Amino acid sequence: MGSTSATGHEGVGRRDLIKRSAALGLAAVPTMSFLSACASGGGGDNDQVDKGKKTKDNPLGANETAPVKVVIFNGGFGDQYAKDAEAIYKKRYPKSKVEHRATQKIQTELQPSFNGGTPPDLIDNSGKEQMDMGVLVGKDQLADLTPLLDAPSIDDPNKKVRDTLRPGVIEMGQFDGKPVWVMYYAYTVYGVWYSQTQLEKLDAEYPETWDDMIALCAKAKKQGIAGWTYPGQYPYYLPFSLYPFIGKIGGREVLDAIDNLEPNAWKHPAVKSAFEAYYELVRKGYILKNTSGLSHIQAQTNWNQGKALFIPNGSWVENESAKTTPKDFKMSIAAPSSLDKSDKMPFGTLWASGGEPFIVPAKAKNPVGGMEQMRIMLGKESSQNFSKQVSSLTSVQGSEEGLELPPGLSSAVAALKKAGDNILNPRLQDWYVELNKQRIGVACLGEMMAGRMTPAETIKKIQGYADATAKDGDIKKYKHA
């Protein structure tokens with residue numbers, strides 16, 4: 001693949017080239033409905049079980065005979081890893097019973113128990129129906145996990161759990177002040193996923209500049225291959241590559257301002273440039289036909305089948321799409337391409353952060369049991385089992401060492417190494433779930449990438465939604481320190 005200039009012709013930068021060619025005057029987005037959040041407490045018999053005796057082997061003082069209720073999101077990671085960790089709990093506490101339930105409808109099934117004051121003891125709060133973490137924290141619905149973090153790790157009694165975790169994981173769970181409300185179990189690498197085998201067939205390498213990205217998409221189109229696809233039914237996948245693209249162009253402070261709901265944050269030139277770049281894919285027909293109607297599974301299957309080169313996703317995709325991935329696919333991830341030479345951060349900058357958020361409800365019957373189950377999961381045995389089963393890193397530092405990693409996970413580890421300190425961690429998706437998923441994702445980005453809204457219209461709409469959230473007194477606000 002031939003390389004083109006990152007600055008364009010006659011001193012005109014790519015931002016200007018994209019801006020001049022952006023189409024105008026498309027239809028506006030229809031009004032969307034939003035998921036209600038689990039915000040109310042109240043009611044129910046909330047007598048917690050008695051705590052057990054604290055010992056060397058039971059440092060949290062879990063009740064050794066009380067049952068523990070665990071609910072796991074049955075998505076890209078499945079739930080076998082949790083069952084295996086629960087088996088360790090039952091081995092350590094044979095008089096206890098772990099009641100396991102897996103579901104994809106977290107909010108639908110659990111909101112009544114929260115409202116009634118009878119929630120389970122440990123919840124994997126993930127997926128399409130993820131309960132809004134910011135709302136849960138703001139309404140005092142969650143237990144502080146600091147005792148778990150200060151407890152000895154399963155593997156080394158001289159090392160606290162907090163000292164075994166990757167950088168940034170604890171901070172992600174804090175939201176506001178020192179208490180830790182969420183334990184992010186997986187460590188997710190977000191970015192642009194592709195098949196190394198498919199690029200080799202095109203005699204191409206991953207495009208490190210946007211000019212090269214466009215050139216490669218044009219080359220692929222001539223052979224009947226789309227440049228990109230994404231889950232059109234769930235367009236909040238787009239930020240997995242778009243947010244770090246924005247941060248790379250304008251610096252991490254741009255993403256911080258967006259997270260902080262600062263006035264006009266979405267009107268920053270870096271946002272405009274990134275949106276116009278992605279819109280170029282739409283205008284030039286480099287998005288797989290009918291992508292706007294695809295589920296995440298359908299989009300991934302089309303990608304596995306070689307119908308599109310690139311897909312924005314997180315590192316769970318290797319496990320989630322395993323059944324449709326060819327053996328010679330060589331699944332890989334890369335950081336966003338550079339827009340041009342004026343980008344504030346180097347190529348390799350990417351988004352990586354804790355994923356798969358686990359919570360212990362404040363009104364759980366056995367919150368200590370829930371934390372002890374989590375302590376077991378953060379041990380080396382469970383962490384390595386998770387990585388082997390689902391092709392994803394955990395939040396436990398170095399837990400992948402000594403394992404034979406599949407292509408996608410190996411690529412993710414390499415991408416992290418290349419990024420070094422240039423790791424971005426946008427918080428919008430966990431501070432303001434509804435804003436990020438439904439308003440920004442579905443109502444705006446989905447419309448823009450379907451060609452029904454221009455970048456300028458999209459930015460204006462998103463800024464309006466962000467401003468409305470900032471002014472809503474019923475929504476607890478969070479800010480970067």
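All values reported here derive from a predicted model rather than from experimental measurement.
Residue Trp351 is tested with Asn425, Thr188, Leu242 for a side chain to side chain contact (heavy atoms under 4.5 Å, CB included); the sole match is Asn425. Residue Gln373 forms a side chain to side chain contact (heavy atoms under 4.5 Å, CB included) with just one option from Asp121, Leu378, Val360, Leu122, and that option is Leu122. Of the candidates Trp193, Phe329, Tyr237, Phe329 is the only one forming a ring pair (Phe, Tyr, Trp, His ring centres under 6.0 Å) with Trp303.
Thr458 places a side-chain N or O within donor-acceptor distance of the main-chain N or O of Thr454, the cut-off being under 3.5 Å. At distances below 3.5 Å, at least one donor-acceptor pair connects side-chain atoms of Gln384 with backbone N or O atoms of Ser399. Of the possible donor and acceptor atoms, one in the side chain of Thr324 sits under 3.5 Å from a partner among the backbone N and O of Ser321. Side-chain atoms of Tyr185 come within 3.5 Å of backbone N or O of Met377 as a donor-acceptor pair. Counting only distance, with no hydrogens or angles, the side chain of Gln198 and the backbone of Gly306 share a donor-acceptor pair below 3.5 Å. Looking only at distances, no side-chain donor or acceptor of Ser382 sits under 3.5 Å from a matching main-chain atom of Gly379. At least one donor-acceptor pair under 3.5 Å links the side chain of Glu318 to the backbone N or O of Gly408. Arg252 places a side-chain N or O within 3.5 Å of a backbone atom of Ile423 that can act as its donor or acceptor partner. Between the side chain of Asp124 and the backbone N or O of Phe73 there is at least one donor-acceptor pair closer than 3.5 Å. Not one N or O on the side chain of Ser410 forms a donor-acceptor pair closer than 3.5 Å with the backbone of Pro406.
Taking CD1 from Ile72 and CG from Asp79, the interatomic distance works out to 7.0 Å, rounded to the nearest 0.5 Å. Rounded to the nearest 0.5 angstrom, Ser126 OG and Met131 CE are separated by 11.0 Å. Within the model, atoms CE of Met331 and OG1 of Thr197 stand 10.5 Å from one another, a figure rounded to the nearest 0.5 Å. Atom-to-atom distance recorded for Ile258:CD1 and Trp431:CH2 is 12.5 Å, nearest 0.5 angstrom. Between the SG atom of Cys444 and the NZ atom of Lys461 there is a distance of 6.5 Å, given to the nearest 0.5 Å. Rounding to the nearest 0.5 Å gives a distance of 13.0 Å between CZ of Phe245 and CG of Leu424.
Partners of Glu200 by salt bridge (charged side-chain N to carboxylate O under 4.0 Å, His left out), not counting sequence neighbours, listed by chain and number: Lys330.
A heavy-atom distance below 4.5 Å is found between the side chains of Ile123 and Pro120. Ser315 is not listed as a side-chain neighbour of Ser391, based on a closest heavy-atom distance of 4.5 Å or more. Using a 4.5 Å heavy-atom threshold, the side chains of Tyr465 and Leu435 count as touching. With a 4.5 Å cut-off on side-chain heavy atoms, Glu356 and Tyr184 do not count as touching. Under the 4.5 Å side-chain criterion, counting only non-hydrogen atoms from C-beta, Val189 is in contact with Ile333. Within the 4.5 Å cutoff, no side-chain heavy atoms of Thr209 are placed close to those of Ser337.
More than 12 non-hydrogen atoms from other residues, nucleotides or ligands lie less than 6.0 angstrom from NZ of Lys479. For Lys380, the NZ atom sits in a loose shell: 12 or fewer heavy atoms of surrounding residues, nucleotides or ligands are nearer than 6.0 Å. Taking a 6.0 Å sphere around CD of Glu381, one finds it holds 12 or fewer heavy atoms contributed by other residues, nucleotides or ligands.
A salt bridge links Glu109 with Arg101; the closest basic N to acidic carboxylate O contact falls under 4.0 Å. At a threshold of 4.0 Å, the pair Arg427-Asp259 does not count as salt-bridged, since none of the basic side-chain nitrogens sits closer than that to a carboxylate oxygen. The residues Glu280 and Lys284 are annotated as salt-bridged, a charged nitrogen and a carboxylate oxygen being separated by less than 4.0 angstrom.
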* Stepwise side-chain contact (heavy atoms from CB on, under 4.5 Å) test for Val413 and Leu393 -> CA-CA 8 Å; Val413 172; Leu393 301 174; 3.9 Å; yes
* Candidate pair Leu261 and Tyr432, rule side-chain contact (heavy atoms from CB on, under 4.5 Å), full reasoning -> CA-CA 10 Å; Leu261 303 178; Tyr432 308 105; 3.7 Å; yes
* **Working for ring pair (Phe, Tyr, Trp, His ring centres under 6.0 Å), residues Tyr194 and Tyr206** => CA-CA 9 Å; Tyr194 63 97; Tyr206 180 80; 5.3 Å; yes
* Derivation and outcome, ring pair (Phe, Tyr, Trp, His ring centres under 6.0 Å), residues His296 and Trp316 -> CA-CA 12 Å; His296 60 300; Trp316 61 79; 9.2 Å; no
* Could you walk me through whether Tyr190 and Gln429 pass side-chain contact (heavy atoms from CB on, under 4.5 Å), step by step? => CA-CA 13 Å; Tyr190 302 95; Gln429 72 166 356; 3.3 Å; yes
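In the model, Asn436 has a side-chain atom that pairs as donor or acceptor with a side-chain atom of Tyr243 under 3.5 Å. In this structure, a donor-acceptor pair under 3.5 Å is present between the side chains of Gln463 and Asp467. Using a 3.5 Å distance cut-off with no hydrogens or angles, the side chains of Ser387 and Glu400 do not pair a donor with an acceptor. A donor-acceptor contact under 3.5 angstrom links the side chains of Thr291 and Thr229, judged on distance only. In summary, the side chains of Asp84 and Gln389 do present a donor paired with an acceptor at a separation below 3.5 Å, with no hydrogens or angles considered. Donor-acceptor pairing under 3.5 Å is recorded for the side chains of Asp340 and Ser342.
The two atoms that bring Val192 and Ser241 nearest to each other are CG2-CB, 3.8 Å, heavy atoms only. Across Met448 and Val282, no two heavy atoms sit closer than the pair O-CG2, 4.0 Å. Heavy-atom minimum distance, Gly127 versus Lys437: O-NZ, 2.8 Å.
The distance between the ring centers of Trp210 and Tyr278 falls below 6.0 angstrom.
In this structure, Tyr81 and Phe77 have perpendicular ring planes: the angle between them is above 60°, well past the 30° mark.
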